[in-house]
There are 2 protein chains.
Amino acid sequence: MGPDEFQTLLRFFKALANESRLKMVGLLAGREYSVEELAALLQLKEPTVSHHLSILKELNLVQLRPEGNTHWYQLDREALHNVNRSVFDTEQIAGLVKDVEADAWERQVLSNFLSGERLKEIPASRKKRWVILKWLVSQFDLGVTYPEANVNEIIKRHHPDCATLRRELIGYQMLQREHGLYWRQPEAEWKFA
Amino acid sequence: MGPDEFQTLLRFFKALANESRLKMVGLLAGREYSVEELAALLQLKEPTVSHHLSILKELNLVQLRPEGNTHWYQLDREALHNVNRSVFDTEQIAGLVKDVEADAWERQVLSNFLSGERLKEIPASRKKRWVILKWLVSQFDLGVTYPEANVNEIIKRHHPDCATLRRELIGYQMLQREHGLYWRQPEAEWKFA
DNA sequence: CTTCTAATTAGATACAAATTGAAATAGAAG
DNA sequence: CTTCTATTTCAATTTGTATCTAATTAGAAG
């Protein structure tokens with residue numbers, strides 16, 4: 001389900017999210033009504049009813065049968081049923097929002113805490129610290145072993161407190177240490193908890 | 001389905017008839033999100049997201065799982081499914097509007113053309129004339145035979161043109177005539193066409 | 001206890017939609 | 001052709017809702 005269908009679905013909900021229109025759908029499910037009759041039943045003026053009917057008509061929810069001056073409207077059950085199926089197949093709901101960028105939040109955290117290559121401060125909350133550390137560890141190359149002095153130097157390019165950040169990287173197992181040598185771990189090995 | 005359920009249904013449509021909320025439902029169908037994350041993903045401020053979530057929450061469309069300061073929300077598929085069933089069973093839709101008075105239009109026609117017991121004018125359109133004649137024939141008693149002079153007299157209480165009205169009553173077979181005597185027909189015998 | 005973080009609530013503003021009276025249109029009737 | 005009726009279109013008003021900033025609450029961490 002793509003963005004087009006999302007907009008269609010949205011228009012459908014907007015159409016039925018109105019007391020007068022929802023009542024009209026209920027009435028028209030029973031039998032045909034003219035604009036005049038609907039206006040009387042719903043206590044509205046004809047122009048108002050006509051406006052609502054045009055909205056339902058655009059979505060093919062109602063059908064029009066002209067007879068002289070009178071326009072008879074009735075519900076198109078088939079159209080209603082089609083929308084039903086496409087809406088409430090819960091498997092598809094998740095696909096509605098393909099256009100929402102999945103990592104927007106992480107990019108926002110980065111842009112909040114970074115000033116160019118410089119880390120303005122270390123986030124206090126674990127969730128955000130995680131995002132920053134992911135970025136920080138990407139400054140190291142995979143498959144390369146670094147002596148501690150080298151690690152500190154790289155971190156200091158971005159923030160003065162290299163001790164804390166190094167400890168955090170180890171804690172989340174983004175960086176691994178053995179015999180005073182450090183190397184970057186693949187993402188699968190990181191531990192959030 | 002009574003008026004309460006109608007209002008619930010209406011609130012449901014209103015809840016989903018909003019681009020931000022519909023996207024949220026789509027996202028939350030996939031996994032849990034915090035308010036902060038949703039705000040970033042949808043490019044909204046946290047208070048706005050909070051407001052939308054409260055609307056979805058009132059309808060039990062989403063569930064809240066607090067964890068420290070973070071509030072994790074996710075979709076309640078069950079609730080969504082329940083609404084689905086109650087909505088699109090088209091047999092029930094007609095019942096939604098029990099509260100709409102079925103004869104509101106006819107009563108309006110009567111009040112437009114009557115001034116007390118007096119008929120202000122004879123409606124030109126067939127639909128409305130039918131309503132007026134139904135009322136007029138109710139002035140006669142069932143099972144009683146009236147001579148023409150008597151019929152005219154009764155009609156003249158409401159409108160001077162008793163000839164036209166008498167002819168119309170006969171035409172629609174609301175009144176029956178034989179050998180100069182008239183009597184009222186039961187409603188089943190009337191002919192609209 | 002104080003500080004910080006995430007979420008909610010309150011108040012204000014701006015945008016979108018519902019409703020209506022008046023005017024225009026299309027068809028029926030005289 | 002003119003008149004009348006039902007509907008629709010148009011313009012203007014009102015109502016309602018989404019969104020924001022600022023202030024408040026509840027929980028965590030120092």
Side-chain angles (χ1 to χ4, degrees), chain A residues 10-11 13-24 32-58 62 64-73 105 108-109 112-113 121-132 164, chain B residues 10-11 13-24 32-40 42-58 62-73 105 108-109 112-113 121-132 164:
Chain A
L10 184 57
R11 284 205 308 154
F13 280 119
K14 281 181 191 281
L16 269 63
N18 175 274
E19 179 158 358
S20 301
R21 282 196 294 268
L22 192 53
K23 279 183 182 170
M24 286 167 71
E32 285 185 331
Y33 285 89
S34 68
V35 177
E36 188 178 35
E37 286 174 322
L38 289 172
L41 289 167
L42 301 172
Q43 322 242 53
L44 296 171
K45 303 296 176 186
E46 280 91 345
T48 309
V49 172
S50 201
H51 167 245
H52 289 314
L53 283 170
S54 75
I55 290 171
L56 297 175
K57 201 163 45 176
E58 272 193 23
V62 297
L64 165 62
R65 183 178 66 83
E67 178 187 296
N69 284 329
T70 314
H71 290 192
W72 296 101
Y73 284 91
W105 177 74
Q108 182 171 307
V109 172
N112 284 344
F113 283 89
E121 59 174 332
I122 301 174
S125 93
R126 217 166 38 251
K127 274 195 306 180
K128 291 176 183 173
R129 208 159 56 234
W130 171 265
V131 174
I132 292 299
T164 298
Chain B
L10 182 57
R11 286 204 308 154
F13 280 118
K14 280 181 191 280
L16 270 62
N18 173 274
E19 179 157 357
S20 300
R21 283 197 295 270
L22 192 54
K23 279 183 182 170
M24 285 166 71
E32 284 186 332
Y33 285 88
S34 68
V35 177
E36 190 178 34
E37 285 175 322
L38 289 173
L42 301 172
Q43 321 244 54
L44 296 171
K45 302 295 177 186
E46 279 91 345
T48 307
V49 172
S50 205
H51 166 245
H52 289 313
L53 282 170
S54 75
I55 290 170
L56 297 175
K57 201 164 45 178
E58 272 191 23
V62 296
Q63 284 176 335
L64 166 61
R65 182 177 67 83
E67 178 187 293
N69 282 331
T70 316
H71 289 194
W72 296 102
Y73 284 91
W105 176 73
Q108 182 171 303
V109 172
N112 284 344
F113 284 88
E121 57 176 331
I122 302 173
S125 92
R126 218 167 35 250
K127 275 196 302 180
K128 291 175 184 171
R129 206 159 57 232
W130 171 264
V131 174
I132 292 300
T164 299

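Every chain is numbered from 1 and lettered A, B, ... according to where its sequence line falls, protein lines coming before strand lines. Because only heavy atoms are used, hydrogens play no part in the values below, and waters and symmetry mates are left out as well, while side chains stay in.
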Below 4.0 angstrom from OP1 or OP2 of D:dA18, is there any side-chain N or O of B:R21? yes

Regarding A:K127, tell me which of base, sugar-phosphate or nothing describes its non-hydrogen contacts under 4.0 Å with the strands shown. nothing

Between A:R65 and A:Y73, is there a donor-acceptor pair closer than 3.5 Å when you use the side chain of the first and the backbone of the second? no

Should B:E67 and B:E32 count as side-chain neighbours, where that means a heavy-atom distance under 4.5 Å? no

Figure out the CZ/C1' separation between A:F113 and C:dT5, and round it to whole Å. 10 Å

Minimum-distance nucleotide (side-chain atoms of A:N18 versus C:dA7, C:dA18, D:dA18): C:dA18

Of the nucleotides D:dT7, D:dA18, D:dT8, which has the atom closest to the B:H51 side chain? D:dA18

Check whether any side-chain nitrogen or oxygen of B:S34 sits under 4.0 Å from OP1 or OP2 of C:dA6, and answer yes or no. no

Sugar-phosphate only, base, or nothing, as touched by B:S54 at under 4.0 Å among non-hydrogen atoms: nothing

Choosing from C:dA17, C:dT19, C:dA6, which nucleotide comes nearest the side chain of A:K14? C:dA17

Length of the CG-P vector between B:L53 and C:dA6, whole Å: 16 Å

Atom-pair distance (CD on A:E46; P on C:dA18), nearest Å: 18 Å

Residue whose nearest DNA chain D nucleotide is more 5′ - B:G68 or B:K128: B:K128

Which nucleotide wins on minimum distance to the side chain of B:S20, given the candidates C:dA22, D:dT19, C:dT5? D:dT19

Find out whether A:E19 and B:F13 are in side-chain contact, i.e. whether some heavy atom of one side chain is under 4.5 Å from a heavy atom of the other. no

Among C:dT20, D:dA18, D:dT8, which nucleotide sits nearest the side chain of A:L44? C:dT20

For A:L53, does its backbone N or O pair with a side-chain atom of A:R21 as donor and acceptor, under 3.5 Å? no

Contact check, side chains of B:M24 and B:V49, non-hydrogen atoms, under 4.5 Å: yes

Is the shortest side-chain N/O distance from A:H71 to OP1 or OP2 of D:dT8 below 4.0 Å? yes

Euclidean distance, atom CH2 of residue A:W105 to atom C1' of C:dA6 [Å, nearest integer]: 12 Å

To the nearest angstrom, how far is B:L64 atom CG from C:dT8 atom P? 7 Å

Distance in angstrom units between B:L10 CG and D:dG16 P, rounded: 13 Å

Out of D:dT9, C:dA7, C:dT19, which has the shortest distance to the side chain of A:H52? C:dT19

Does the salt bridge (Lys or Arg N to Asp or Glu O under 4.0 Å) test come out yes or no for B:K127 and A:E37, once each step is laid out? CA-CA 11 Å; B:K127 275 196 302 180; A:E37 286 174 322; 5.3 Å; no

Atom CD of A:E37 and atom C1' of D:dA6 are separated, to the nearest Å, by 12 Å

From the set C:dA7, D:dA6, C:dA22, return the single nucleotide nearest to any side-chain atom of A:P47. C:dA22

Taken to the nearest whole Å, CE/B:M24 to P/D:dA18 is 12 Å

So what does A:T48 hit on the nucleic acid, given a heavy-atom distance under 4.0 Å: a base, only sugar-phosphate, or nothing? base

Which nucleotide in the list C:dT19, D:dA28, C:dT8 gets nearest to the side chain of B:N69? D:dA28

N or O in side chain of A:Y73 less than 4.0 angstrom from D:dA6 OP1/OP2: no

